[in-house]
Amino acid sequence: AISETTKRQLITIGLPKKNITVVYSGINGSHRKAVRIPKKLASPTILYLGRIKKYKRVDLLVALFGEIVRKIPKSRLIIAGWGTEASHLTDIIMKSPLRRKISLVGPVSDKEKKKLLSQSWVFVNPSIGEGWSIAVIEANLHGTPAVSFNVPGLAESIQQGKTGLLAKNADDLVDKICNVLTDKHLRDRLGTNAFQWAREFSWDRSAKESLRVLEKTRKKN
C-alpha cells in the first residue's frame with residue numbers, strides 16, 4: 001500500500017493486516033543535497049496543481065479565495081491541471097468578480113510544473129481525502145509548504161506545523177492559508193522543513209523496499 005491511510009482502507013474491506021506492507025511512492029529529484037528557498041513570485045500566490053475532479057473540491061478553493069483576497073488584497077490563485085470538472089470550474093471562474101486574480105492554466109509540462117511549484121508561496125489541496133499525495137511532496141521538494149484539510153492521506157503527507165498546516169474546516173483553511181502568506185518566518189521554516197521531508201521519498205528507496213517485500217514473500221512460499 002502507498003500509505004498507512006490506504007492500508008487502513010484495505011483492512012476495512014477485508015484484507016488481512018499481516019499481508020499489507022506500506023511502501024511510500026518516490027518522487028523525482030529527491031537526491032538534491034542542499035535546500036535554498038527559491039525566489040517566489042512578487043504577489044502572495046496560492047497554487048493548486050493536480051487533477052480537477054469533483055472530490056478534489058477545487059471549486060471550494062475558488063469560493064474561499066474571495067475571503068483570502070479580503071484579508072490579503074494582493075493575493076493570487078493559480079490552478080494547474082485538467083480533469084472532468086475543468087469545464088465547470090472554468091465557468092465558475094469566468095463568472096467570478098475575482099477572475100482577473102485567478103489563473104486556470106490547464107495541463108503543464110514538467111518544466112512548467114517545477115516553475116509553478118518553486119515560485120508559489122503555498123500549495124493548497126482542498127480534497128475530501130487522498131490515498132497519499134505525491135503533489136504535496138513535489139511542492140515540498142521545491143521549498144513550498146502545503147495546506148489542506150485534516151483528512152485521510154493529506155494528514156499523512158503533511159506534517160502538521162512542520163511541513164505545512166492542516167485545517168479543521170473551511171474557515172480554518174482560509175486562516176491557515178493567510179497565516180502562511182503573511183508570515184514569512186513561518187513560511188520559510190515550513191518550506192525548509194518541507195524540503196527535508198520530501199528528500200526522504202526516492203524511487204530508489206521505494207524499489208528497495210518493494211524488493212524486500214517480494215523476497216520475503218518468496219521465502220515464505
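In this chain, numbering begins with 1 at the start of the sequence shown.
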Q: List the atom of Ser43, the atom of Lys74, and the distance in Å for their closest heavy-atom pair.
A: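 Looking at all heavy atoms of both residues, the shortest contact is CB-O, 3.5 Å.
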
Q: Regarding Ser133 and Glu130, is there a side-chain donor-to-acceptor distance under 3.5 Å anywhere?
A: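 Side-chain D/A pair, Ser133 to Glu130: absent.
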
Q: Can you check whether Val174's main-chain N or O pairs, donor with acceptor, with Glu67's side chain at less than 3.5 Å?
A: no

Q: At what distance, to the nearest 0.5 angstrom, does CG of Asp91 lie from OG of Ser96?
A: 12.5 Å

Q: Between Asp204 and Lys208, does a salt bridge (Lys or Arg N to Asp or Glu O under 4.0 Å) hold up when you go through it step by step?
A: CA-CA 6 Å; Asp204 282 346; Lys208 289 175 182 177; 6.0 Å; no

Q: Between Val136 and Ile158, what is the shortest heavy-atom contact and its length?
A: CG1-CG1, 3.7 Å

Q: Between Lys184 and Asp188, is a side chain to side chain contact (heavy atoms under 4.5 Å, CB included) present by the stated rule, with each step listed?
A: CA-CA 6 Å; Lys184 187 177 186 302; Asp188 288 349; 2.6 Å; yes

Q: Which distance, rounded to the nearest 0.5 Å, do you find between the CG of Leu104 and the OH of Tyr48?
A: 11.0 Å

Q: Quick one: closest heavy-atom pair of Asn140 and Ala146, and the distance?
A: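 In this case the closest contact between Asn140 and Ala146 is ND2-N, 4.2 Å.
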
Q: Considering non-hydrogen atoms only, spot the tightest contact between Ala80 and Leu116 and give its length.
A: CB-CD1, 3.9 Å

Q: For residues Asn150 and Ala155, report the shortest heavy-atom separation together with the two atoms involved.
A: OD1-CB, 3.2 Å

Q: I need the Ser127 OG to Leu60 CG distance, nearest 0.5 Å.
A: 11.0 Å

Q: Can you confirm whether Trp121 sits close enough to Val180 that some side-chain heavy atom of one is under 4.5 Å from a side-chain heavy atom of the other?
A: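 No, their side chains stay 4.5 Å or more apart.
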
Q: Indicate yes or no: at least one non-hydrogen side-chain atom of Thr84 is less than 4.5 angstrom from one of Lys54.
A: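 The answer is no, as the side chains (C-beta and beyond) never meet within the 4.5 Å cut-off.
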
Q: Do Leu15 and Ile2 sit in the same hydrophobic cluster, where Ile, Leu, Val, Met, Phe, Trp and Tyr count as joined when their side-chain heavy atoms come under 4.5 Å apart?
A: no

Q: Sub-3.5 Å donor-acceptor pair from the side chain of Glu209 to the main-chain atoms of Val23, do we have one?
A: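 Side chain of Glu209 to backbone of Val23, a donor-acceptor pair under 3.5 Å: no, none is there.
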
Q: Side-chain contact, heavy-atom cut-off 4.5 Å: Val213 with Lys216?
A: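 No, too far: nothing below the 4.5 Å cut-off.
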
Q: Hey, mind stepping through Gln196 and Arg199 against side chain to side chain contact (heavy atoms under 4.5 Å, CB included) and telling me if it holds?
A: CA-CA 5 Å; Gln196 298 297 343; Arg199 286 185 61 214; 3.5 Å; yes

Q: Of the options Ser103, Ser120, Pro44, which is the one that meets Arg76 in a side chain to side chain contact (heavy atoms under 4.5 Å, CB included)?
A: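 It is Ser103, the one option of Ser103, Ser120, Pro44 that forms the side chain to side chain contact (heavy atoms under 4.5 Å, CB included) with Arg76.
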
Q: Look at atom NZ of Lys71 and say whether more than 12 heavy atoms of other residues, nucleotides or ligands are closer to it than 6.0 Å.
A: yes

Q: To the nearest 0.5 Å, tell me how far Leu41 CG sits from Lys115 NZ.
A: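 That separation rounds to 8.5 Å.
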
Q: Inspect the surroundings of NZ in Lys101 and state if more than 12 heavy atoms from other residues, nucleotides or ligands are less than 6.0 Å away.
A: yes

Q: May I ask you to decide if Leu181's main-chain N or O and Arg187's side chain share a donor-acceptor pair within less than 3.5 Å?
A: yes

Q: What distance separates Ile11 CD1 from Ile20 CD1, expressed to the nearest 0.5 Å?
A: 4.5 Å

Q: Do the non-hydrogen side-chain atoms of Leu77 and Leu98 ever get within less than 4.5 Å of each other?
A: no

Q: Please answer: with hydrophobic residues joined when any side-chain heavy atoms are less than 4.5 Å apart, are Met94 and Leu64 in the same cluster?
A: yes

Q: Donor-acceptor check, side chain of Arg51 to backbone of Gly83, threshold 3.5 angstrom: yes or no?
A: no

Q: For the pair Asn28 and Trp203, evaluate side chain to side chain contact (heavy atoms under 4.5 Å, CB included) and give the outcome as yes or no after the intermediate values.
A: CA-CA 7 Å; Asn28 295 325; Trp203 287 118; 3.3 Å; yes

Q: Can you check side chain to side chain contact (heavy atoms under 4.5 Å, CB included) on Phe123 and Leu49, steps first, answer last?
A: CA-CA 8 Å; Phe123 182 89; Leu49 192 153; 3.8 Å; yes

Q: Is there a side-chain contact between Tyr24 and Arg205 (heavy atoms, below 4.5 Å)?
A: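 Of all side-chain heavy-atom pairs linking Arg205 with Tyr24, at least one is under 4.5 Å.
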
Q: How long is the span from the CZ atom in Phe201 to the CD1 atom in Ile134, to the nearest 0.5 Å?
A: 10.5 Å

Q: What's the verdict on salt bridge (Lys or Arg N to Asp or Glu O under 4.0 Å) for Glu215 and Arg218, showing C-alpha distance, side-chain angles and the deciding distance?
A: CA-CA 5 Å; Glu215 180 64 17; Arg218 185 188 68 80; 2.5 Å; yes

Q: Going by atom types alone, do Lys40 and Thr144 pair a side-chain donor with an acceptor below 3.5 Å?
A: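 Result is yes, a qualifying pair exists.
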
Q: Which heavy atom of Ile137 sits nearest a heavy atom of Ser157, and at what distance?
A: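 Smallest interatomic distance, heavy atoms only, reads CD1-O, 3.8 Å.
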
Q: Do Leu117 and Glu138 come within less than 4.5 Å of each other through their side chains, counting heavy atoms only?
A: yes

Q: Does a side-chain heavy-atom distance below 4.5 Å link Ile27 with Ser202?
A: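 Heavy-atom side-chain distance check fails, nothing below 4.5 Å.
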
Q: Less than 4.5 Å apart, side chain to side chain, heavy atoms only: is that true for Val151 and Ile128?
A: no

